[in-house]
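To start, the structure itself, in structure tokens.
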Amino acid sequence: MKMEGKLVLVTGGAGFIGTHTVVQLLKEGFRVSIIDNFDNSVEEALDRVKEVVGPALAAKIEFHFVDLRNKDDLEKVFAKSKFDGVIHFAGRKAVGESVEYPRRYFDNNLIGTINLYEVMAKYNCKKMVFSSSSTVYGQPEKIPCVEDTELKAMNPYGRTKLFLEEIARDISQAESDWQIILLRYFNPVAAHESGKIGEDPKGIPNNLMPYIQQVAVGRLPELNVYGHDYPTRDGTAIRDYIHVMDLADGHIAALKKLFTPDFKGCVPYNLGTGRGTSVLEMVAAFEKASGKKIPMKLCPRRAGDATAVYAAVDKAAKELGWKAKHGIEEMCRDQWNWASKNPWGYQGKKA
Ligand SMILES: NC(=O)c1ccc[n+]([C@@H]2O[C@H](COP(=O)([O-])OP(=O)(O)OC[C@H]3O[C@@H](n4cnc5c(N)ncnc54)[C@H](O)[C@@H]3O)[C@@H](O)[C@H]2O)c1
Ligand SMILES: O=c1ccn([C@@H]2O[C@H](COP(=O)(O)OP(=O)(O)O[C@H]3O[C@H](CO)[C@H](O)[C@H](O)[C@H]3O)[C@@H](O)[C@H]2O)c(=O)[nH]1
């Protein structure tokens, strides 16, 4: 299907998954309009995206410094351009922070998204790809997680994703002209093969791969392994890590699906590999890819962590024609390529 020239609004386009998806959208022929407030990102990330795609495709990007919670600013963006669809990444995503500051999460994730739906409706733009998360499966009783199992939130961040899924379902039930795809990401890792863009968390990382990366480059002394008494093959917890470029391609597949005449309503899809990897296996793969030793400390379990989570991948394969291509070795290779070229992230080491 020809996507040439279609204009997509990407909220949170300066963030980790957003930057990688913008690269793939441009390569696919889309024009891209980005909204971001740099709450968890920096302008340099967008300059790097332009470097990666080159000047001809870079000319197809426009950027709006807008906070989704400001509905008037959001309206101005919609008043200027007619969008063919929206990919909605913008939001806060740290579980621990959400437990400590729940209102921050309800304010940003809920109000921002509700504003977006209101303005999309007003400007008759009704195709949406929404960033959901495997967090909506809670502590899954059955793995692999299939899309139509009962959903459960374990913390305020997870609750915002669950509420926003429910809101999407309600809207599409009441107004049949909406077409919405909910993408439930498993554990996104790695970086673009160029090593020019990647994940650059502010402060001490919460997630495993950015933490390992910072140990490897000497920013942190050792990795705390949270839990070594899980009923798994080596005692550490199991997750479904997915290369961010596969994830980006999953968004292209979802967007294309929204442009097919037969697509109706609001449909969830898992984006994972279907394969589980333990913490120790991930560390070993990273050590091999980087040639760096990762010192580790075995620690008690982290509150709220599930033993094992991985995706059922058949639905996305069958209905979106999408499958993850990269394995753990390639994920670690590309993570290290980004880390070794940018040990202190986009902005270098602060004096
Ligand atoms: N990375 C993961 O592990 C993961 C897993 C599952 C789901 N998700 C979801 O995917 C989405 C993208 O995640 P990411 O890892 O790229 O996060 P990220 O923090 O790197 O990117 C989010 C971007 O949104 C922007 N933003 C936040 N609030 C905004 C607002 N009110 N207005 C405008 N811009 C705003 C931030 O500045 C940032 O650039 C999020 O919704 C997240 O919850 C991420
Ligand atoms: O320093 C660390 C960080 C993590 N882990 C372990 O590594 C595994 C993965 O942890 P992450 O924090 O990287 O990922 P989670 O699966 O806990 O959760 C992340 O991915 C989910 C999607 O599956 C949700 O989106 C959630 O919001 C997001 O934080 C867990 O067993 C965790 O205990 C460590 O041992 N040490």
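Since the structure is predicted, the reported quantities are computational estimates derived from the model, not experimental observations. Both counts, for ligands and for their atoms, begin at 1 and track the order of listing. Because only heavy atoms are used, hydrogens play no part in the values below, and waters and symmetry mates are left out as well, while side chains stay in.
Counting atoms of ligand 1 from 1 in the listed order, those under 4.0 Å from a heavy atom of Ser131 are 9 (C), 10 (O), 11 (C), 41 (O). Distances below 4.0 Å separate heavy atoms of Leu223 from the following atoms of ligand 2: 1 (O), 36 (N). Close approach of ligand 1 to Ser132 is summarised as follows: ligand atoms under 4.0 Å from at least one heavy atom of the residue are 6 (C), 7 (C). Applying the 4.0 Å criterion to heavy atoms of Asp39 picks out, from ligand 1, the atoms 37 (O). Shown in contact with Val225 at under 4.0 Å from a heavy atom are these atoms of ligand 2, numbered in order with element: 35 (O). Counting the atoms of ligand 1 from 1 in the order shown, those under 4.0 Å from a heavy atom of Leu68 are 30 (C), 31 (N), 32 (N), 33 (C). Of all atoms in ligand 2, listed by their number and element, those nearer than 4.0 Å to a heavy atom of Tyr211 are 1 (O). Taking every heavy atom of Asp67 and a limit of under 4.0 angstrom, the matching atoms of ligand 1 come to 30 (C), 31 (N), 32 (N).
Residues Tyr117 and Ala168 come closest through the heavy atom pair OH-CB, 3.5 Å. Minimum interatomic distance between Tyr241 and Thr277 (heavy atoms only, all atoms of both residues): CE1-O, 3.6 Å. Summarising the geometry of Val8 relative to Phe83, their closest heavy-atom pair is C-CD2, 4.4 Å, with the distance given to 0.1 Å.
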Atom pairs and distances, donor-acceptor, side-chain atoms in residues 147-155, under 3.5 Å, two or more places apart:
| from | atom 1 | to | atom 2 | distance (Å) |
| --- | --- | --- | --- | --- |
| Glu147 | OE2 | Asn270 | N | 2.8 |
| Thr149 | OG1 | Val146 | O | 2.8 |
| Asn155 | OD1 | Tyr157 | N | 3.3 |
| Asn155 | OD1 | Gly158 | N | 2.7 |

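Both the backbone and the side chain of Tyr226 come within 4.0 Å of ligand 2, counting heavy atoms alone. Only the side chain of Tyr241 comes within 4.0 Å of ligand 2, counting heavy atoms alone; its backbone N, CA, C and O stay farther away. The backbone of Asn206, and not its side chain, has at least one atom closer than 4.0 Å to an atom of ligand 2 (non-hydrogen atoms only; backbone = N, CA, C, O). With a 4.0 Å heavy-atom cut-off, ligand 2 is reached by the side chain of Tyr157 but not by its N, CA, C or O. Contacts with ligand 1 closer than 4.0 Å are made by backbone heavy atoms (N, CA, C, O) of Val66 only, the side chain lying farther away. When heavy-atom distances to ligand 1 are checked against a 4.0 Å cut-off, Phe38 comes that close only through its backbone atoms N, CA, C and O. Both the backbone and the side chain of Leu208 come within contact range of ligand 2, each with a heavy atom under 4.0 Å.
Atom 17 (O) of ligand 2 has its closest protein heavy atom at Arg302 NH2, 2.9 Å. Given atom 29 (C) of ligand 1, the protein heavy atom at minimum distance is Asn37 OD1, 3.4 Å. Distance from atom 43 (O) of ligand 1 to its nearest protein heavy atom, with residue and atom name: Tyr157 OH, 2.7 Å. Among all non-hydrogen protein atoms, the one lying nearest atom 23 (C) of ligand 1 is Gly12 CA, 3.6 Å. In this structure, the protein non-hydrogen atom closest to atom 22 (C) of ligand 2 is Ser134 OG, 2.9 Å. In this structure, atom 29 (O) of ligand 2 lies nearest to the protein heavy atom Asn207 ND2, 3.1 Å. Given atom 36 (N) of ligand 2, the protein heavy atom at minimum distance is Asn224 O, 2.7 Å. The single protein non-hydrogen atom nearest to atom 28 (N) of ligand 1 is Asn108 ND2, 3.2 Å, given as residue, atom name and distance. For atom 31 (O) of ligand 2, the nearest non-hydrogen atom of the protein is Ala237 CB, 3.1 Å. The nearest heavy-atom contact from the protein to atom 8 (N) of ligand 1 is Tyr185 CD1, 3.5 Å. What sits closest to atom 20 (O) of ligand 1 on the protein, heavy atoms only, is Phe16 N, 2.8 Å. Atom 14 (P) of ligand 1 has Lys93 NZ, 3.7 Å as its closest protein atom, hydrogens excluded (heavy atom only). Distance from atom 26 (C) of ligand 2 to its nearest protein heavy atom, with residue and atom name: Val95 CG2, 4.1 Å. Here the heavy atom of the protein found nearest to atom 24 (C) of ligand 2 is Ser133 OG, 3.5 Å. Looking only at heavy atoms of the protein, atom 16 (O) of ligand 1 is closest to Ile17 N, 2.8 Å. For atom 20 (O) of ligand 2, the closest non-hydrogen atom of the protein is Asn187 ND2, 3.6 Å.
Taking the centre of each ring, His251 and Phe89 come in below the 6.0 Å mark.
Polar contact with ligand 1: absent for Asn207 (N/O pair, distance under 3.5 Å). Considering backbone and side-chain atoms together, Gly15 places an N or O closer than 3.5 Å to an N or O of ligand 1.
In this structure a side-chain-to-backbone donor-acceptor pair under 3.5 Å is present from Asp246 to Lys325. The main-chain N or O of Arg333 is never found under 3.5 Å from a side-chain atom of Asn337 such that the two would form a donor-acceptor pair. Under a 3.5 Å cut-off, the side chain of Arg48 and the backbone N or O of Ile197 do not form any donor-acceptor pair.
Comment: Lys76 engages Asp73 in a salt bridge, judged by a side-chain N to carboxylate O separation of less than 4.0 angstrom. A salt bridge is absent between Lys288 and Glu329; no separation between the charged side-chain nitrogens and carboxylate oxygens falls under 4.0 Å. Ion pairing between a basic and an acidic side chain is recognised when a charged N comes within 4.0 Å of a carboxylate O; Glu97 and Lys202 show no such pairing.
In the displayed structure, Lys341 atom NZ is contacted under 6.0 Å by more than 12 heavy atoms of other residues, nucleotides or ligands.
Within the structure, the closest approach of Glu199 to ligand 1 does not fall below 4.0 Å when heavy atoms are considered. By the 4.0 Å heavy-atom criterion, Ala14 is counted among the residues contacting ligand 1.
Neither side chain, Glu43 nor Tyr346, offers a donor N or O lying under 3.5 Å from an acceptor on the other. Tyr185 and Ser131 form a side-chain donor-acceptor contact under 3.5 Å, judged by distance and modelled atom types alone. Under the 3.5 Å distance criterion, with hydrogens and angles disregarded, a donor-acceptor pair is assigned to the side chains of Asp36 and Ser41.
Compare Pro188, Ala94, Ser41 by their heavy atoms: the one nearest to atom 4 (C) of ligand 1 is in Pro188. Nearest-heavy-atom check against atom 22 (C) of ligand 1 across Gly91, Gly18, Ser134 picks out Gly91.
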Take Phe286 and Tyr211 through the ring pair (Phe, Tyr, Trp, His ring centres under 6.0 Å) test and state the conclusion after the steps.
-> CA-CA 12 Å; Phe286 189 89; Tyr211 205 105; over 10 Å; no
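Counting only heavy atoms from C-beta outward, the side chains of Met209 and Met282 approach each other to under 4.5 Å.
A cation-pi contact, defined as under 6.0 Å to the ring centre and within 45° of the axis, is absent between Arg159 and Tyr105. Both the sub-6.0 Å distance and the 45° axial angle are satisfied by Lys6 relative to the ring of Phe259.
Under the ring-ring contact (aromatic ring centres under 6.0 Å, His included) criterion, Trp322 pairs with no residue, sequence neighbours left out.
Remark: of the listed residues Asp170, Leu182, Ile180, Thr160, Leu182 is the sole one forming a side chain to side chain contact (heavy atoms under 4.5 Å, CB included) with Glu165.
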